[in-house]
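Report on one structure; see the data block that follows.
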Amino acid sequence: VPTAALDRALFLESDRMGWLTGAITQRTLDVQRGVVQNEKRQGDNQPYGMRRYKLTEGLYPADHPYGHTTIGSMADLDRASLADVKDWFRSHYGPNNAVLVLAGDVDLPTARALVEKYFGAIPAGPKSVAPAAPIPTALPGPASETIKDRVAATMLTKAWAVPGVDSPDAIPLDVAAAVLGGLSSSRFDNALVKGERLAVSVSAYNQTLAQGGTFAITAVVRPGVDPALVARRIDQMIAEFVRTGPTVDEVRRVVSSSVSE
């Protein structure tokens, strides 16, 4: 917002944090529930939209904190009561569980005075305790799922449960994902798309969450190509990468790409 609007912005944010529960009615809950359900339908109805559920179910047990997608199921949304929403708000949405960042044309004394003015009277809520979210390490073995959809090409996804942002492995996994399938001229792109022409596109990403994450590789198979062949080539290239690691030039390119973003 413009600097002149900072006062109003902090007022609105503090009003939401401190006194929103009185404005949450059954009608507003139902309206917002409908908005979220519509967002969920939009994602599910996209090509390949249902695969994220299979990935989540395959990587994490159902009772794991990461064992369901963020929005959850339609049944979860339908079951949320007015009391559930207000209890969650009181339990989690308090100043002791928040970080406020002000960046821009504002000095510290002015910022502190405004924050104390608008947030100082909001009482602390219960202390949030992060649930245990261990990385699954004892999967019975490789597992695969096939989903049928009306799409122009087969999509192949390989995924692993990996450590999260609190692990020293997070950054190396980010670099690995970029080298394999994140750079504009990555290993997968050069070999499988431009060279061997086995795939229309291949990408890799490391989704880093608080206590865990997902390392995934996704390939859109070129029509007429056997998906099993693409899967084998990806496995071969991963094995080669694990054995030799990235080159110095590849790491430099990842750093340059990250800085430029």
Side-chain angles (χ1 to χ4, degrees), residues 43 46-56 58-60 66 69-70 135-137 139 142-147 149 151-261:
Q46 292 179 2
Y48 316 106
M50 302 302 290
R51 69 191 179 102
R52 54 182 171 158
Y53 301 110
K54 291 297 183 181
L55 287 175
T56 301
L59 293 176
Y60 293 99
Y66 295 151
T69 56
T70 304
I135 306 302
T137 56
L139 295 177
S144 63
E145 290 275 358
T146 300
I147 306 174
D149 199 356
V151 292
T154 298
M155 176 177 282
L156 174 69
T157 299
K158 291 176 175 286
W160 296 263
V162 296
V165 71
D166 56 355
S167 167
D169 293 327
I171 297 301
L173 287 168
D174 286 343
V175 174
V179 169
L180 289 171
L183 296 171
S184 58
S185 183
S186 66
R187 292 194 182 190
F188 286 148
D189 190 59
N190 287 339
L192 304 179
V193 178
K194 299 174 183 175
E196 302 167 30
R197 296 181 62 81
L198 298 177
V200 176
S201 64
V202 187
S203 61
Y205 67 86
N206 181 44
Q207 182 187 35
T208 306
L209 305 174
Q211 299 179 71
T214 302
F215 189 97
I217 298 165
T218 297
V220 178
V221 180
R222 187 174 294 277
V225 175
D226 183 1
L229 173 59
V230 180
R232 287 195 299 271
R233 284 293 290 122
I234 290 175
D235 288 343
Q236 291 167 0
M237 294 184 69
I238 292 173
E240 173 70 13
F241 179 82
V242 170
R243 196 187 63 199
T244 63
T247 66
V248 173
D249 179 64
E250 286 173 327
V251 174
R252 286 174 178 165
R253 287 168 56 209
V254 173
V255 172
S256 297
S257 176
S258 299
V259 170
S260 66
E261 294 175 355

request  = May I ask you to decide if Thr218's main-chain N or O and Thr157's side chain share a donor-acceptor pair within less than 3.5 Å?
outcome  = no

remark   = All heavy atoms of Ala159 vs all of Thr214, minimum pair found to be CB-CG2, 4.1 Å

key: Heavy-atom side-chain proximity of Asn190 to Ser185 below 4.5 angstrom   = yes

query = Residues two or more places apart in sequence or in another chain: which of them pass side-chain contact (heavy atoms from CB on, under 4.5 Å) with Arg222?
reply = Arg197, Val200, Val225

note = Closest non-hydrogen atoms of Ala204 and Phe188, given as atom of the first, atom of the second and distance, are CB-CE1, 4.5 Å

query = When rounded to the nearest 0.5 angstrom, what is the spacing between OG1 in Thr146 and NZ in Lys54?
reply = 10.0 Å

query = From Arg252 CZ over to Glu250 CD, what is the distance, rounded to the nearest 0.5 angstrom?
reply = 12.0 Å

query = Distance-only, no hydrogens or angles: does the Ser258 side chain make a donor-acceptor pair with backbone N or O of Val254 under 3.5 Å?
reply = yes

inquiry  = Please give me the minimum heavy-atom distance between Pro246 and Arg187, naming the atom from each residue.
reply    = CA-NH2, 3.8 Å

Interatomic distance, Tyr48 atom OH to Asp149 atom CG [nearest 0.5 angstrom] = 8.0 Å

Could you pull out all donor-acceptor pairs under 3.5 Å where a side-chain atom in residues 160-178 meets a protein atom, sequence neighbours excluded?
from	atom 1	to	atom 2	distance (Å)
Ser167	OG	Asp169	N	3.0
Asp174	OD1	Asn206	ND2	2.9

Which atom pairs, one a donor and one an acceptor, fall under 3.5 Å between side chains of residues 229-241 and the rest of the protein, sequence neighbours left out?
from	atom 1	to	atom 2	distance (Å)
Arg233	NE	Glu196	OE1	2.9
Arg233	NE	Glu196	OE2	3.4
Arg233	NH1	Gln236	OE1	2.9
Arg233	NH2	Glu196	OE2	2.6
Asp235	OD1	Lys158	NZ	3.1
Asp235	OD2	Lys158	NZ	3.4
Glu240	OE1	Arg243	NH1	3.4
Glu240	OE1	Arg243	NH2	2.6
Glu240	OE2	Arg243	NH2	3.0

Heavy-atom closest pair, residues Ser184 and Asp189 = O-OD2, 3.5 Å

key: Gap between atom OG of Ser203 and atom CG of Leu183 - 0.5 Å precision   = 12.5 Å

message = Which heavy atom of Leu156 sits nearest to which heavy atom of Pro227, and what is that distance?
response = CD2-O, 4.1 Å

Validation row: Leu180, Phe215 side chains within 4.5 angstrom (heavy atoms) = yes

ask   = Judged by atom type as modelled, is there a donor-acceptor pair below 3.5 Å linking the side chain of Arg51 to the main-chain atoms of Met155?
value = no

inquiry  = Would the distance check show the side chain of Tyr66 and the main-chain N or O of Gln211 forming a donor-acceptor pair, the cut-off being under 3.5 Å?
reply    = yes

